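The chains referred to below are lettered A, B, ... by the order of the sequence lines, with proteins before strands, and numbering in each begins at 1. Nothing here was measured: the structure is a model prediction, and the numbers come from that model.
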There are 2 protein chains.
Amino acid sequence: MSIRRYYGWVSASSVRKTCAVAVDIVLLTVREGALQILLIDRGLSPQQGWPALPGGFVLDEDLPDAAERELKEETRIDPARLHLEQLQTYGAPSRDPRGRVISVAYLALAPGLPVPQAGTDATNARWEHAAAVLDGRVTLAFDHNAIVENGVERARSKLEYTTLATAFCQEEFTISELRRVYEIVWSTPVDARNFYRKVMSANFLVQTGRHTTRDGGRPAALFRLNEERASDLLYPAMLRPRLMPRS
Amino acid sequence: MSIRRYYGWVSASSVRKTCAVAVDIVLLTVREGALQILLIDRGLSPQQGWPALPGGFVLDEDLPDAAERELKEETRIDPARLHLEQLQTYGAPSRDPRGRVISVAYLALAPGLPVPQAGTDATNARWEHAAAVLDGRVTLAFDHNAIVENGVERARSKLEYTTLATAFCQEEFTISELRRVYEIVWSTPVDARNFYRKVMSANFLVQTGRHTTRDGGRPAALFRLNEERASDLLYPAMLRPRLMPRS
DNA sequence: CGAATAGTGTCTATAAGACATTATACT
DNA sequence: AGTATAATGTCTTATAGACACTATTCG
């Protein structure tokens with residue numbers, strides 16, 4: 001019990017604790033009208049055969065680089081149009097049966113993606129409905145269910161006050177498509193007319209001039225994210241409907 | 001380059017990377033009418049003599065426990081009335097000159113505290129104005145300036161939509177004292193009368209029945225946090241004044 | 001034409017923000 | 001009385017939310 005001085009391990013390396021450090025990625029996308037999450041099936045013990053989050057150990061690289069590398073290795077997903085942000089770090093001593101593993105969780109958002117190809121390591125990657133993980137119909141390895149809960153809640157709340165919903169859309173999108181992202185991620189209906197007015201007044205989209213009829217009906221104007229405002233907070237925020245505003 | 005399978009290191013431990021894992025704590029308090037942060041002076045190389053965040057290496061314990069233990073060891077601060085939440089994890093390979101150190105940063109908030117006693121390791125701990133760290137008048141060791149920036153911004157934004165401001169107050173406090181917390185943390189004036197109305201309608205305080213005249217003038221009612229709502233989101237939120245609402 | 005979706009307008013309730021006024025202590 | 005702070009009230013403007021209506025395509 002002599003590890004007193006901060007960073008004092010040059011002369012006290014006997015008590016310095018060392019851990020394996022991993023990244024785990026909650027990759028969310030909106031596909032087939034639902035919020036879906038990328039899962040892999042664990043090929044090795046422990047928890048062999050269980051579904052889990054993609055991820056792996058950190059090499060001699062920065063943490064976000066490790067997350068991108070693992071995604072690419074396991075699913076061949078192109079990290080170019082990928083929003084990536086750090087979620088939380090999980091380090092309970094008992095979270096991995098083999099010993100101390102610190103896991104830095106990342107949240108990744110992507111526009112609708114196809115079924116992932118097997119990665120270079122032939123891991124079986126697939127899309128699963130996020131709802132199935134959240135309500136326990138699908139049980140993941142380790143503490144990954146809790147990580148998913150955290151990630152989905154982060155995505156839900158960031159739709160309120162950032163431009164993050166556009167990360168689920170293609171480069172160009174209609175207001176309706178953006179609204180459907182909100183509805184699907186929040187799993188609550190959103191009034192199309194009020195949404196239109198609010199998203200316009202929040203002023204973070206720019207019109208491309210093009211139109212599309214891919215959703216049927218009257219041609220819809222196509223928009224893209226105003227990159228200059230991409231990191232701004234939305235004002236006013238797009239608050240999700242709150243049940244029982246005040247008790 | 002054969003670390004392919006996730007958690008596959010039982011049979012491939014030769015490529016498994018291991019890191020030192022530390023916690024660093026951004027402990028904020030409101031003292032003497034200012035937002036202040038707890039700093040220590042590094043006693044050992046590297047960066048000997050530089051101010052830094054309190055913290056240290058993680059032992060065989062969970063991460064929040066490590067943060068509490070380090071705070072207690074270095075400053076004898078009682079973690080009882082302490083809000084502690086995880087901030088972010090910093091893991092750039094070059095952030096520590098001696099090698100790979102992953103640091104899990106924590107944000108701690110406490111009501112006004114006295115000058116810290118030297119801890120068991122005789123580290124010189126002291127309060128510094130957070131503003132001096134933010135604007136670069138005080139340069140910290142490693143990447144600690146960036147961590148402080150992150151921590152202060154987290155505190156500022158959480159005052160908006162959570163009950164966190166009460167973590168800076170004593171058990172019982174007046175509306176004016178709570179308002180002064182908002183003003184100091186946001187460093188912006190807040191209209192006393194509108195604040196009063198909003199905090200009442202947000203409905204997260206309970207009146208204790210007692211009154212105080214410690215601030216002079218008419219006796220003020222004392223309140224405490226309604227514990228049942230402590231983890232709720234504030235509705236409506238206490239938004240800080242935004243300059244230039246919309247460009 | 002009807003069906004479908006895009007986009008605009010209108011009304012009401014609530015909340016934000018500016019600011020006046022009254023209340024109750026202390027010296 | 002005078003001063004200081006607490007607490008309440010009033011008015012204006014902005015935003016949220018409900019919902020009617022018009023516009024433009026397709027088949």
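With sequence neighbours excluded, the residues satisfying ring-ring contact (aromatic ring centres under 6.0 Å, His included) with A/Phe195 are A/Tyr182.
Going from atom NE2 of A/His211 over to atom C1' of C/dA6 covers 9 Å, rounded to whole Å. In this structure, A/Leu222 atom CG and D/dT24 atom P are separated by 17 Å, rounded to whole Å. Spacing between atom CZ of A/Phe195 and atom C1' of D/dC19 amounts to 18 Å, rounded to whole angstrom units. Whole-Å rounding puts the A/Asp191 CG to D/dA16 P distance at 13 Å. Between the CE atom of B/Met200 and the C1' atom of D/dT8 there is a distance of 11 Å, rounded to whole Å. Per the geometry, CZ belonging to A/Arg242 stands 12 Å off P belonging to C/dA15, to the nearest Å. Look at CZ on B/Arg210: it is 18 Å from P on D/dA6, rounded to the nearest Å. Counting to the nearest Å, the P atom of D/dA18 and the CZ atom of A/Arg193 are 10 Å from each other.
Counting only heavy atoms from C-beta outward, the side chains of B/Asp24 and B/Leu87 never approach each other to under 4.5 Å. Annotation: side chain of B/Leu225 is in contact with side chain of B/Phe204 (closest heavy-atom distance under 4.5 Å). Residues A/Phe223 and A/Met200 have side chains in contact (heavy-atom distance under 4.5 Å, counting atoms from C-beta outward). Contact annotation: the side chain of B/His144 approaches that of B/Arg95 to within less than 4.5 Å [non-hydrogen atoms, C-beta and beyond]. A heavy-atom distance below 4.5 Å is not found between the side chains of B/Leu71 and B/Pro79.
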Inset, instruction - Begin with the C-alpha distance, continue with both residues' side-chain angles, and end with the deciding distance and a verdict on side-chain contact (heavy atoms from CB on, under 4.5 Å) for A/Ile37 and A/Trp127. - result: CA-CA 5 Å; A/Ile37 182 171; A/Trp127 293 110; 5.6 Å; no

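Within the nucleic acid shown, A/Ala237 comes within 4.0 Å of sugar-phosphate atoms alone, with no base atom in reach, counting heavy atoms only. Using a 4.0 Å heavy-atom distance criterion, B/Ala221 is classed as a sugar-phosphate-only contact.
Looking at residues 158-186 of chain A, you'll see A/Ser176 sit with a heavy atom under 4.0 Å from some atom of DNA chain C.
Residues A/Leu63 and A/Val23 come closest through the heavy atom pair O-CG1, 4.0 Å.
Close to D/dT15, at under 4.0 Å from its OP1 or OP2, lies no side-chain N or O of A/Lys198. Look at B/Tyr196 and you won't find any side-chain N or O under 4.0 angstrom from OP1 or OP2 of D/dA6.
With hydrogens and angles ignored, a donor-acceptor pair closer than 3.5 Å exists between the side chain of B/Asn194 and the base of C/dA18. Judged by distance alone with a 3.5 Å cut-off, a donor-acceptor contact links the side chain of A/Arg197 to the base of D/dG17.
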Legend entry - Sugar-phosphate or base contact per nucleotide [nucleotides 22-27 of chain C; S, B, -; heavy atom under 4.0 Å]: -BBS--

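A/Arg229 places a side-chain N or O within donor-acceptor distance of the main-chain N or O of A/Ala202, the cut-off being under 3.5 Å.
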